[in-house]
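What you are looking at is a predicted structure, and each value in this text was computed from that prediction instead of being measured. Each ligand, and each atom within it, is numbered from 1 in the order the structure gives.
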Amino acid sequence: MNKITLKTSKTYDIIIASDILDKTGSIIRKTVEGSTAAIITDSNVSALYERQLADSLSAGGYRTESFIFPSGESSKNTETFISILNFLAEKKLSRTDVVVALGGGVTGDLAGFAAACYLRGIRFVQIPTTLLSAVDSSVGGKTAVNLASGKNLAGAFYQPDIVLCDIKLLSTLTSEVFRDGCAEVIKYGVIADRKFFESLKTPVENHLEEVITRCVEIKRDIVAEDEFDNGVRILLNFGHTAGHAIEKLSGYSVSHGHAVAAGMAIAARIALRLGICKADCLQDILQMLRRYGLPENSIYSAQEIAQACLSDKKRGGDSITMILPVETGKCILRKVAVSELETLIQSGLEE
Ligand SMILES: NC(=O)c1ccc[n+]([C@@H]2O[C@H](COP(=O)([O-])OP(=O)(O)OC[C@H]3O[C@@H](n4cnc5c(N)ncnc54)[C@H](O)[C@@H]3O)[C@@H](O)[C@H]2O)c1
């Protein structure tokens with residue numbers, strides 16, 4: 001078992017272990033007093049783990065209520081968000097009660113935003129069940145829903161009280177969803193740790209606990225320095241500028257992880273064209289994406305991607321901040337004028 005403590009506006013632990021779902025109730029009880037636990041989960045995860053979690057929470061002394069929504073990114077919208085708020089009100093949760101997100105990034109983002117807004121903030125626990133949510137979305141307090149105009153356009157910074165990552169839950173993931181998480185794992189290597197990047201030549205599934213722990217450590221260090229995304233935290237968006245655009249253009253049929261993989265390849269080609277990185281850096285990143293069966297490009301045109309980028313929240317007035325690799329293990333932030341964006345993305349699409 002590994003325990004990582006994150007010190008932000010709220011200090012909390014991220015526990016990474018195998019087979020701890022049965023102990024969840026008693027672990028949460030040490031942190032959250034409350035009498036009711038509202039489990040928020042999607043239809044797939046509910047069928048697999050909701051009963052076990054509810055039993056464990058009951059054993060920890062909580063009355064449990066469950067809200068189940070249809071799985072998938074298309075549920076991450078204002079309608080589901082409002083339904084969760086109404087559910088919490090109907091079940092009469094008070095501010096000392098707890099919202100428990102059981103699921104991937106979609107569940108964590110939705111449940112976290114609802115926890116932030118209901119009664120202006122209620123206790124909140126994350127139990128990630130995808131690799132992506134284990135290494136990224138469950139940690140750091142970003143919560144959001146999508147609007148018609150783009151990804152994550154409404155949300156809040158709202159830190160959980162504890163994150164419980166049971167690695168055993170990842171065993172039921174499809175290979176496609178597991179590989180989504182691998183894209184975010186590769187991202188951590190490129191932005192922060194060359195040695196870790198190299199270690200990913202050994203398949204992630206062969207050293208899962210170490211991989212998740214290292215990613216969470218990197219995220220902890222970045223979020224502790226910049227909780228509200230004004231500086232170094234922007235590095236975590238490597239691959240996300242074009243990635244979010246690709247997700248949106250596909251109507252969310254391209255998953256987040258796969259879109260981010262393509263976005264990282266596009267950013268690395270742009271870095272090469274601008275003379276920020278060398279050819280071997282680009283090749284290392286492309287080879288790593290290939291190793292995990294992740295995309296290296298997009299079917300959308302530079303014009304389509306640039307247009308979609310402009311509704312992204314990373315835009316600041318007439319410029320947009322791109323995250324570009326210098327070498328594996330090190331990225332820089334580069335402001336580019338909105339007028340240059342399409343040309344740059346075009347160079348990022350050319351192989
Ligand atoms: N808040 C943040 O900091 C942050 C960071 C990165 C990504 N995100 C968000 O995360 C989302 C993507 O997360 P995701 O990839 O986890 O998607 P997801 O939550 O939709 O999960 C992917 C699929 O896996 C299924 N699933 C989940 N756990 C399972 C399990 N243990 N066994 C079998 N199936 C399981 C789900 O039902 C779903 O069909 C995006 O909306 C993205 O914007 C947020």
Polar contact flag, side-chain donor to acceptor under 3.5 angstrom, [X]-[Y]:
X	Y	answer
Q287	Q283	no
D161	T31	no
N77	T80	yes

Applying side-chain contact (heavy atoms from CB on, under 4.5 Å) to T321 and R334, what does each step give before you reach the verdict?
CA-CA 6 Å; T321 302; R334 171 70 67 94; over 6 Å; no

Salt bridge or not between K219 and E217? Use side-chain N to carboxylate O under 4.0 Å.
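Here K219 does not pair with E217 in a salt bridge, since their nearest N and O are not under 4.0 Å apart.
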
Under a 4.0 Å threshold between the charged nitrogen and the carboxylate oxygen, would E184 count as salt-bridged to K187?
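Yes, charged N to carboxylate O under 4.0 Å.
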
Give the protein residues with at least one non-hydrogen atom closer than 4.0 Å to an atom of ligand 1, ordered by chain and number.
D42, N44, V45, L48, Y49, S71, E73, K76, G104, G105, V106, D109, T129, T130, L132, D136, S137, K142, K151, N152, L169, T172, L173, V177, E184, K219, H256

